[in-house]
Asks: 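Got a structure here, written out as structure tokens. Questions coming.
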Amino acid sequence: MIRRFIILFFAVATAAGAQTPLRCPEGHPATGDLGIESLLCVAGSCSVNLRTERGYAHEFSTEPRIRGVQPGGPSSGKLRNGDILISIDGVLITTLEGGRRLANLTPGKPVTLGVRRGGKETDVAVVPGLGCNMPRLAVLGGSPATTPAIQRDDRSFYPLLRNLRAAPAPVDFGMEINCGSCGWRFSPEGELVFETLEPPVVVSVEPGGSAEEAGLRPGDILLKVDGQPLRLPAGGERLGRLQPGDTVTLQVGRGGSLRSVEIVPRKPQSRRQPF
């Protein structure tokens with residue numbers, strides 16, 4: 001009887017002390033995490049959490065800005081909102097290798113991040129903790145003059161990625177969107193397309209811009225353009241054919257209901273503009 005009690009006590013104590021394994025969304029594996037909650041890609045084409053033969057990868061045609069740092073996380077007190085990521089361990093963030101490194105961190109292994117803060121460049125050492133490393137991504141459009149070319153240092157490194165080149169936004173909708181992994185790109189045939197892996201969500205609308213005039217609001221989910229789903233090639237190609245002044249119909253999800261709005265995008269200005 002005493003032996004049975006000891007065995008039962010040991011089993012209960014072991015179960016109580018066991019930690020629940022960390023489970024990440026979308027089947028993403030637990031990995032090193034810097035505690036960066038959100039990134040902003042301005043005037044370029046960016047993607048995060050791309051699944052490749054070599055694991056996950058981020059891809060940035062322009063240096064991303066930090067928009068959110070987890071309180072008490074590995075980067076708390078080290079990185080700040082507004083910091084612009086330049087490099088990781090000396091590798092430019094706009095190269096495929098730089099994006100790969102940022103997406104594949106090792107818990108407990110320090111990394112050195114090059115950041116631009118207040119016009120000055122500095123190095124910040126951060127020790128990744130265990131987490132999901134799935135930062136949100138917001139994308140802002142821009143004009144050709146403000147869109148740097150992506151640096152393809154080794155395109156063969158990611159054979160599963162489609163051969164898409166970063167492209168400037170052809171029109172200005174006057175809104176900021178959050179779509180996880182999206183952007184304006186040139187197809188291999190040289191045609192301009194908008195590509196997204198998930199329906200874009202409106203984050204903000206520019207006062208007096210096309211989105212505000214059309215009645216769009218933060219939180220609206222952009223589902224279709226002229227009847228074509230934005231997540232499918234036909235929707236992205238339709239957006240790519242737009243010219244300033246064209247009228248386009250967007251199907252929008254808001255509060256569990258669907259509605260259609262007409263929006264007339266404008267010509268991108270020399271300054272950086274929202275999508």
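Keep in mind that what you see is a predicted model, and the values were worked out from it rather than measured. Residue numbers count from 1 along this sequence.
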Asks: Counting C-beta onward and ignoring hydrogens, is there a side-chain heavy-atom pair between Pro200 and Met175 closer than 4.5 Å?
Replies: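 No, too far: nothing below the 4.5 Å cut-off.
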Asks: Walk me through it: do Val91 and Arg101 pass the test side chain to side chain contact (heavy atoms under 4.5 Å, CB included)?
Replies: CA-CA 9 Å; Val91 180; Arg101 292 194 182 201; 3.7 Å; yes
Asks: Do any pairs count as a side chain to side chain donor-acceptor pair (under 3.5 Å) and have a residue in residues 233-257, sequence neighbours left out, and if so which ones?
Replies: Asp220-Arg254, Asp226-Arg238
Asks: Can you tell if the side chain of Asp123 reaches within under 4.5 Å of the side chain of Leu113, non-hydrogen atoms only?
Replies: no
Asks: Which value, rounded to the nearest 0.5 Å, describes the distance between Leu216 atom CG and Ile177 atom CD1?
Replies: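 Rounded to the nearest 0.5 Å, the CG-CD1 separation comes to 11.5 Å.
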Asks: Ignoring hydrogens and geometry, is there a side-chain-to-backbone donor-acceptor pair from His58 to Arg100 under 3.5 Å?
Replies: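 Absent.
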Asks: Looking at side-chain heavy atoms only, is the closest gap between Leu105 and Leu34 below 4.5 Å?
Replies: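 They are in contact (side-chain heavy atoms under 4.5 Å apart), so the answer is yes.
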Asks: Among Val111, Asp33, Val126, Leu79, which one satisfies side chain to side chain contact (heavy atoms under 4.5 Å, CB included) with Pro74?
Replies: Val126
Asks: Taking only residues at least two apart or on different chains, which pairs with a member in residues 76-117 satisfy ring pair (Phe, Tyr, Trp, His ring centres under 6.0 Å)?
Replies: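 The answer is none; no pair qualifies.
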Asks: Hey, what do you get for CZ (Phe194) to CZ (Arg231), rounding to the nearest 0.5 Å?
Replies: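 The distance works out to 12.5 Å.
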Asks: What are the two closest non-hydrogen atoms of Gly253 and Leu223, and how far apart are they?
Replies: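 Residues Gly253 and Leu223, closest heavy atoms: N-CD1, 3.9 Å.
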Asks: Nearest heavy-atom pair of Pro218 and Ser204: which atoms, and what distance?
Replies: CG-CA, 4.2 Å
Asks: Apply side-chain contact (heavy atoms from CB on, under 4.5 Å) to Glu121 and list each qualifying residue two or more places apart in sequence or on a separate chain.
Replies: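 Listed in chain order: Ile86, Arg116.
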Asks: Using side-chain heavy atoms (C-beta onward) and a distance below 4.5 Å, is Glu59 in contact with Leu96?
Replies: yes
Asks: Can you pull out every salt bridge (charged side-chain N to carboxylate O under 4.0 Å, His left out) where at least one residue sits in residues 66-90? Sequence neighbours excluded, please.
Replies: Arg67-Glu176, Asp83-Arg117
Asks: Taking C-beta and beyond as the side chain, do Ile93 and Pro64 meet within less than 4.5 Å on heavy atoms?
Replies: yes
Asks: Is the closest side-chain heavy-atom distance between Cys41 and Thr62 below 4.5 Å?
Replies: yes
Asks: Show, in sequence, the C-alpha distance, side-chain angles and deciding distance for Thr112 and Val124, and conclude whether the side chain to side chain contact (heavy atoms under 4.5 Å, CB included) test is met.
Replies: CA-CA 6 Å; Thr112 300; Val124 179; over 6 Å; no
Asks: Do Phe173 and Leu242 have side chains that get closer than 4.5 Å, going by heavy atoms?
Replies: yes
Asks: Of the non-hydrogen atoms in Pro265 and Val248, which two are nearest, and what is the gap between them?
Replies: CD-CG1, 4.3 Å
Asks: Quick one: CE on Met134 to CD1 on Ile36, what's the gap to the nearest 0.5 Å?
Replies: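 Those atoms lie 14.5 Å apart.
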Asks: Going from CZ on Phe60 to CG on Leu85, what distance comes out if it is rounded to the nearest 0.5 angstrom?
Replies: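 Reported to 0.5 Å precision, the distance equals 7.5 Å.
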Asks: Do the non-hydrogen side-chain atoms of Val252 and Ile221 ever get within less than 4.5 Å of each other?
Replies: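 Not in contact.
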Asks: Going by the ring pair (Phe, Tyr, Trp, His ring centres under 6.0 Å) test, which pairs reach into residues 211-246, not counting sequence neighbours?
Replies: none
Asks: I need the minimum non-hydrogen distance between Pro199 and Leu222, along with the two atoms involved.
Replies: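 Scanning both residues, the minimum pair turns out to be CB-O, 3.6 Å.
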Asks: Would you confirm whether Ser210, through its side chain, and Val264, through its main-chain N or O, come within 3.5 Å as a donor-acceptor pair?
Replies: yes
Asks: Just verifying a value: how many Å separate Cys132 SG and Leu22 CG, rounded to the nearest 0.5 Å?
Replies: 4.5 Å
Asks: Verify the cluster assignment for Leu230 and Val203: are they in a single hydrophobic cluster under the rule of side-chain heavy atoms below 4.5 Å apart?
Replies: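 Per the 4.5 Å side-chain linkage, Leu230 and Val203 are not co-clustered.
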Asks: Applying salt bridge (Lys or Arg N to Asp or Glu O under 4.0 Å), can you list everything that pairs with Glu213, at least two apart in sequence or on another chain?
Replies: Arg266
Asks: State, to 0.1 Å, how close Asn104 and Asn133 come at their nearest heavy-atom pair, and which atoms those are.
Replies: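 Shortest heavy-atom contact: N-ND2, 4.3 Å.
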Asks: What are the two closest heavy atoms between Pro107 and Leu130, and how far apart are they?
Replies: CG-CD1, 4.0 Å
Asks: In terms of hydrophobic clustering (I, L, V, M, F, W, Y; side-chain heavy atoms under 4.5 Å; direct or indirect links), are Val261 and Val225 co-clustered?
Replies: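 Same hydrophobic cluster.
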